[in-house]
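Below is one structure, written out as structure tokens, with a few remarks after it.
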Amino acid sequence: MNTASSVLAPILIWERVLAEDPSVPWLREQGFDVRLGRPNHDPAYRDHRSADFIEDAQGCAAALVSGGLRITGAVMDALPDLKVLSKIGVGVDTIDVAAATERGIRVCNTPGGNDSVFVAEHAMALILALRKQLHVWTREHLQQGGWRRPQVFSAPMDGQTVGIVGFGRIGRALAQRLAGWNVNVLAHDPFAKDLPDGVRSVTLAELLAASDVVSLHCPPPADGRPLLDAAALAGMRRGAMLVNTARATLVDRDALIRSLDSGALAAAAYDVFDPEPPARDDPLLAHPRVLCTPHVASWTWQGFFGRREQAARNIALVLQGRPGASIVNPQA
């Protein structure tokens with residue numbers, strides 16, 4: 001067991017899932033004092049907010065967190081012993097990284113693993129589900145005596161145009177999975193280079209106007225405004241479908257509902273919400289043109305626990321002063 005001065009530092013495992021989480025015994029084997037936070041399958045999870053995190057993390061040098069909590073500078077100020085925030089997943093937009101840097105708190109993420117593949121697979125499944133009307137042809141529909149409706153038809157993939165907004169690892173993985181479906185693939189990403197054959201780079205307005213399906217795979221704008229506001233949604237091809245496995249804040253929800261109600265958009269599929277979990281009266285959950293999943297795009301056994309193990313290793317490496325951690329703000 002490591003006997004360095006940093007061992008036995010209290011570490012909070014926040015939003016834990018299963019008792020057999022391998023990151024917990026591994027950290028304890030390294031000599032750390034591991035505290036277990038509130039389980040994210042608890043019925044009260046919806047009420048777990050910053051006050052709960054501050055209470056549980058008092059005296060902790062590090063915390064392993066996921067995306068269900070926004071960690072602001074005020075939260076950090078209430079935790080003066082905090083040295084490391086290790087985020088499960090690549091995106092760290094739920095953490096005020098600038099505030100962490102000012103306070104000397106290292107923010108880590110988990111870019112390794114096959115998350116991009118898992119999310120791309122889920123996006124592909126949602127695209128197919130929308131095109132094939134699986135949000136309409138449900139088991140409940142049949143149980144209620146329903147059958148085919150002459151006014152509801154499935155839509156093909158063959159010959160259609162799919163627009164991918166954000167062409168990083170997930171966007172590229174989705175484009176790979178679309179190959180062979182005989183679709184036209186458009187991409188919008190100001191930072192993407194070396195697009196593969198068969199993918200054409202266009203402006204966002206061009207992509208929205210030309211695409212039968214739009215799939216979002218980018219972070220939200222830094223200014224906090226939705227990327228797809230009312231004007232952008234109005235610029236989408238009539239009858240198009242929208243898939244969002246990235247961030248709920250990318251889209252103006254009220255404008256989206258209006259577009260769906262009017263029929264301008266045919267359907268939408270959502271795996272992300274704001275807040276999470278969504279309120280039971282969230283209009284997306286009840287809308288007949290919306291297919292919803294509970295933020296499970298990367299919810300695979302291999303991906304989930306692999307990310308947690310990497311997040312735990314980030315904490316250990318930083319607190320032990322060893323290299324190799326994935327730190328997004330090394331200047332801290």
Side-chain angles (χ1 to χ4, degrees), residues 14-17 37-53 65-72 75 87-96 115 118-119 121-123 125-127 129-130 134-136 138-141 165-166 170 213-221 224-230 232-233 241-262 265-300 303-304 307:
W14 177 254
E15 297 174 333
R16 59 192 174 90
V17 175
R38 308 171 197 223
N40 69 3
H41 61 272
D42 189 306
Y45 172 66
R46 180 175 288 102
D47 298 323
H48 291 178
R49 293 295 179 258
S50 57
D52 302 313
F53 178 70
V65 299
S66 59
L69 176 74
R70 297 189 184 280
I71 303 179
T72 64
V75 171
K87 170 74 164 50
I88 300 169
V90 177
V92 292
D93 52 286
T94 55
I95 300 173
D96 188 335
D115 280 12
F118 303 146
V119 177
E121 289 178 346
H122 195 78
L126 292 178
I127 291 171
L130 290 184
L134 299 190
H135 57 297
V136 177
T138 63
R139 178 174 57 190
E140 291 75 19
H141 175 71
V165 181
I170 298 173
V213 178
V214 174
S215 191
L216 303 179
H217 301 285
C218 61
R225 295 184 296 179
L227 181 68
L228 300 188
D229 56 14
L233 291 170
M241 298 173 174
L242 176 66
V243 173
N244 190 357
T245 57
R247 290 290 186 269
T249 52
L250 282 166
V251 184
D252 183 322
R253 186 180 63 182
D254 293 338
L256 173 64
I257 295 295
R258 291 194 298 270
S259 185
L260 290 167
D261 287 342
S262 71
L265 275 185
Y270 261 63
D271 186 54
V272 286
F273 300 88
D274 184 29
E276 290 191 339
R280 293 186 180 183
D281 61 354
D282 189 313
L284 289 176
L285 300 182
H287 202 286
R289 295 176 182 266
V290 179
L291 173 63
C292 294
T293 54
H295 205 157
V296 291
S298 62
W299 194 262
T300 64
F304 185 83
R307 292 193 305 275

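Quick note: residue numbers are just sequence positions, from 1.
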Side chains of [X] and [Y]: closer than 4.5 Å at any heavy-atom pair?
X: Leu216; Y: Val251; result: yes
X: Trp299; Y: Pro294; result: no
X: Pro278; Y: Leu285; result: yes

Can you list the residues that meet the side chain to side chain donor-acceptor pair (under 3.5 Å) rule with [X], with sequence neighbours excluded?
X: Asp271; answer: Thr293
X: Arg289; answer: none
X: Asp115; answer: Arg307
X: Asp261; answer: His287

Nearest non-hydrogen partners of His217 and Ala123, listed with the distance: CE1-CB, 3.7 Å
What pairs with Phe53 under ring-ring contact (aromatic ring centres under 6.0 Å, His included), at least two apart in sequence or on another chain? Trp14
Side chains of residues 253-260: which donor-acceptor partners sit under 3.5 Å, not counting sequence neighbours?
{"from": "Arg253", "atom 1": "NH1", "to": "Asp282", "atom 2": "OD1", "distance (Å)": "3.4"}
{"from": "Arg253", "atom 1": "NH1", "to": "Asp282", "atom 2": "OD2", "distance (Å)": "3.0"}

Residue pairs, two or more places apart or on separate chains, that pass salt bridge (Lys or Arg N to Asp or Glu O under 4.0 Å) and touch residues 87-96: Asp93-Arg247
Any chance you could lay out the side-chain contact (heavy atoms from CB on, under 4.5 Å) test for Leu242 and Leu228, step after step, and finish with the verdict? CA-CA 11 Å; Leu242 176 66; Leu228 300 188; 4.0 Å; yes
Carefully, step by step, assess Val272 and Thr249 under the rule side-chain contact (heavy atoms from CB on, under 4.5 Å). CA-CA 9 Å; Val272 286; Thr249 52; over 6 Å; no
Counterpart residues, side-chain contact (heavy atoms from CB on, under 4.5 Å), relative to [X] (two or more places apart):
X: Pro221; result: Asp223, Leu227, Leu250
X: Ala269; result: Leu126, Leu130, Val243, Leu291
X: Val136; result: Gln133, Arg149, Val152

With sequence neighbours excluded, tell me which residues meet salt bridge (Lys or Arg N to Asp or Glu O under 4.0 Å) with Asp229. none
